[in-house]
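Protein chains get the first letters and strands the later ones, always in sequence-line order, with residue 1 at the start of each. This structure is a prediction, so every number in the text was calculated from the model and none was measured.
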Amino acid sequence: MGLHQNMLNEPVSRLALREPVLCKPEDTLREAIKQMQQAKLGCVIVVDEQSKPVGMFTENRLTQLLTKGPAPLDDAISTQLDENWPCVQTTDPVVDVLNAMQSANVRFICVCDEQGRVTGLTGQKGLMEFVADHFPGQVMVQRVGCAPYLDREGA
Amino acid sequence: MSPSQQQSDAGEFQDPLEDYSHKTYDDPLEQALADQPVASIQATPFASIPPDTPIQEAIQQLAKLDVACFLVELDGKLVGVFSDRDILDKVALDFEKMKDRPVSDVMTKEPIFVYDTDSSAAVLSVMAVSGYRHVPVLNLDKNIVGIVSPQRVTGFLQQNVEDK
């Protein structure tokens with residue numbers, strides 16, 4: 001089956017999901033930023049005691065904060081959450097990730113299980129890897145001709 | 001063992017770079033990605049700044065323009081990329097110390113780019129392999145012609161999924 005049908009039929013669980021950075025609502029912004037730096041990820045997901053997502057903080061939000069001066073690093077992360085943070089379920093089709101990214105203009109999508117608990121993170125990189133699987137020649141050119149694979153999702 | 005069996009056993013790995021002939025795909029979305037050049041993905045407008053721009057000013061401009069990435073340009077040539085990832089990694093926890101320094105101190109130097117004549121699949125592969133979300137687009141004279149962002153790629157994919 002081709003890419004088009006695979007996007008419509010394959011579940012989100014087929015994507016190479018990333019391990020998300022999880023925070024508690026009372027964690028500080030400083031702690032969240034340090035975790036994002038360590039994980040080389042552009043977002044943290046704030047979860048409740050049942051591991052259900054209550055919000056997301058992204059690097060885009062951080063940039064907005066810094067326009068007013070130094071970020072309030074000692075504030076609770078729960079006071080600085082993004083308004084748009086779409087979630088998909090592992091059983092949803094891959095095309096739902098594409099639609100969520102496009103409609104909400106976001107790069108990161110929270111992935112939950114059927115009980116609504118966070119199980120992973122996907123977004124642009126996961127989607128691009130899914131597409132690139134169908135173009136092994138192009139991927140080979142990148143690996144041969146460019147810098148070695150970087151374990152990052154950003155810039 | 002016959003020669004053909006030997007060939008089969010030894011040929012389990014097929015180098016995708018061996019075949020340079022134009023490939024056709026049964027799937028219309030794959031065909032669009034392979035046939036349509038990067039130029040068919042929206043790459044403009046793009047925002048650029050000179051490398052001596054103070055970090056604080058660059059952050060203000062990023063927020064004002066509501067973009068996540070600047071191309072850093074010197075004499076019309078690409079010298080780096082300054083994005084919200086650089087801010088997260090190198091500025092956020094040391095803002096007071098960093099805010100007046102030039103973006104050239106923290107930008108991503110020698111960024112991976114694509115040519116406007118490359119296939120759309122090439123830019124998606126760059127994103128998948130390198131992990132960079134924003135990929136500068138240059139012409140064959142190495143002049144900047146645009147940037148491909150996540151939003152532009154998902155727009156291209158969505159349009160082609162809906163068209164099929």
A.B. asks: How far does CG of Asp84(B) sit from CZ of Arg107(A), to the nearest 0.5 angstrom?
C.D. replies: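 Output value for this atom pair is 4.5 Å.
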A.B. asks: Could you give the distance from CD (Gln64(A)) to CD1 (Ile59(B)), rounded to the nearest 0.5 Å?
C.D. replies: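 Rounded to the nearest 0.5 Å, the CD-CD1 separation comes to 11.0 Å.
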A.B. asks: How many angstroms lie between atom CZ of Arg133(B) and atom CD of Gln124(A), to the nearest 0.5 angstrom?
C.D. replies: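 Here the rounded value is 7.0 Å.
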A.B. asks: Is there any residue in residues 91-106 of chain B with a non-hydrogen atom under 4.5 Å from a non-hydrogen atom of chain A, and which ones are they?
C.D. replies: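 Contacts with chain A: Ala92(B), Leu93(B), Phe95(B), Glu96(B).
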A.B. asks: In terms of heavy-atom pairs under 4.5 Å with chain A, which of Pro111(B), Ala63(B), Ser149(B) leads?
C.D. replies: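 Maximum pair count with chain A is reached by Ala63(B).
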A.B. asks: For Glu19(A), look at atom CD and say whether over 12 heavy atoms of other residues, nucleotides or ligands are found less than 6.0 Å away.
C.D. replies: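 Not more than 12 within 6.0 Å, no.
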A.B. asks: Ignoring hydrogens, what is the shortest heavy-atom contact between Gln60(B) and Thr67(A)? Give both atom names and the distance.
C.D. replies: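 Distance-wise, the nearest heavy atoms are NE2-O, 2.8 Å.
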A.B. asks: Measuring heavy-atom distances to chain B, does Asn6(A) have an atom under 4.5 Å in its side chain, in its backbone, in both, or in neither?
C.D. replies: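 Looking at Asn6(A), nothing touches chain B.
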A.B. asks: To the nearest 0.5 Å, what is the distance between CD (Gln5(A)) and CG (Asp27(B))?
C.D. replies: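 Between atom CD of Gln5(A) and atom CG of Asp27(B) there are 7.5 Å.
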A.B. asks: Between Leu62(B) and chain A, with a heavy-atom cut-off of 4.5 Å, which part of the residue counts as in contact: side chain, backbone, both or neither?
C.D. replies: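 Only the side chain of Leu62(B) comes within 4.5 Å of chain A.
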A.B. asks: Output the option from Leu62(A), Val97(A), Leu66(A) having the highest count of non-hydrogen pairs under 4.5 Å with chain B.
C.D. replies: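 Top option by heavy-atom pairs under 4.5 Å: Leu66(A).
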A.B. asks: Tell me, yes or no, whether the heavy-atom count around Lys34(A) atom NZ, taken from other residues, nucleotides or ligands under 6.0 Å, exceeds 12.
C.D. replies: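 No, the 6.0 Å shell around NZ holds no more than 12 heavy atoms from other groups.
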A.B. asks: Using every non-hydrogen atom in the two residues, find where Gln102(A) and Gly155(B) come nearest and quote the distance to one decimal.
C.D. replies: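 Taking every non-hydrogen atom into account, OE1-N, 3.2 Å.
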A.B. asks: Do you know which two heavy atoms are closest between Lys125(A) and Gly131(B), and how far apart they sit?
C.D. replies: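 Taking every non-hydrogen atom into account, CE-CA, 3.5 Å.
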A.B. asks: Please determine whether the number of non-hydrogen atoms from other residues, nucleotides or ligands lying under 6.0 Å from atom CD of Glu114(A) exceeds 12.
C.D. replies: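 No.
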A.B. asks: Using a 6.0 Å cut-off, check whether atom NZ of Lys109(B) has over 12 heavy atoms from anything other than its own residue.
C.D. replies: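 Enclosed.
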A.B. asks: Non-hydrogen atoms of chain B under 4.5 Å away: do they reach the side chain of Leu3(A), the backbone, both or neither?
C.D. replies: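 Contact with chain B involves both backbone and side-chain atoms of Leu3(A).
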A.B. asks: Which one wins on heavy-atom pair count under 4.5 Å against chain B: Asn105(A), Asn60(A), Leu127(A)?
C.D. replies: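 Top count of heavy-atom pairs under 4.5 Å with chain B: Asn105(A).
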A.B. asks: Check whether Val135(B) gets within reach of chain A through its side chain, its backbone, both or neither, counting any heavy atom under 4.5 Å.
C.D. replies: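 Interface part for Val135(B): neither.
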A.B. asks: Is chain B contacted by the side chain of Met101(A), its backbone, both, or neither, given a heavy-atom distance below 4.5 Å?
C.D. replies: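 Looking at Met101(A), backbone and side chain both touch chain B.
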A.B. asks: Closest heavy-atom contact between Gln37(A) and Asp89(B)?
C.D. replies: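 Here Gln37(A) and Asp89(B) meet closest at NE2-O, 3.5 Å.
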A.B. asks: Which value, rounded to the nearest 0.5 Å, describes the distance between Leu88(B) atom CG and Met36(A) atom CE?
C.D. replies: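 One gets 4.5 Å once the value is rounded to the nearest 0.5 Å.
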A.B. asks: Let's test your reading of the structure: which of Asp26(B), Asp118(B), Leu33(B), Asp66(B) forms the most heavy-atom pairs below 4.5 Å with chain A?
C.D. replies: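 Winner by heavy-atom pair count: Leu33(B).
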A.B. asks: At what distance, to the nearest 0.5 angstrom, does CD of Glu59(A) lie from CG of Asp86(B)?
C.D. replies: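 One finds 9.5 Å between CD of Glu59(A) and CG of Asp86(B).
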A.B. asks: Looking only at non-hydrogen atoms, find the nearest pair between Leu124(B) and Met128(A) and report the distance.
C.D. replies: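 Smallest heavy-atom distance, with atoms named: CG-SD, 3.4 Å.
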A.B. asks: Donor-acceptor check, side chain of His4(A) to backbone of Glu30(B), threshold 3.5 angstrom: yes or no?
C.D. replies: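 Between the backbone of Glu30(B) and the side chain of His4(A) there is no qualifying donor-acceptor contact (under 3.5 Å).
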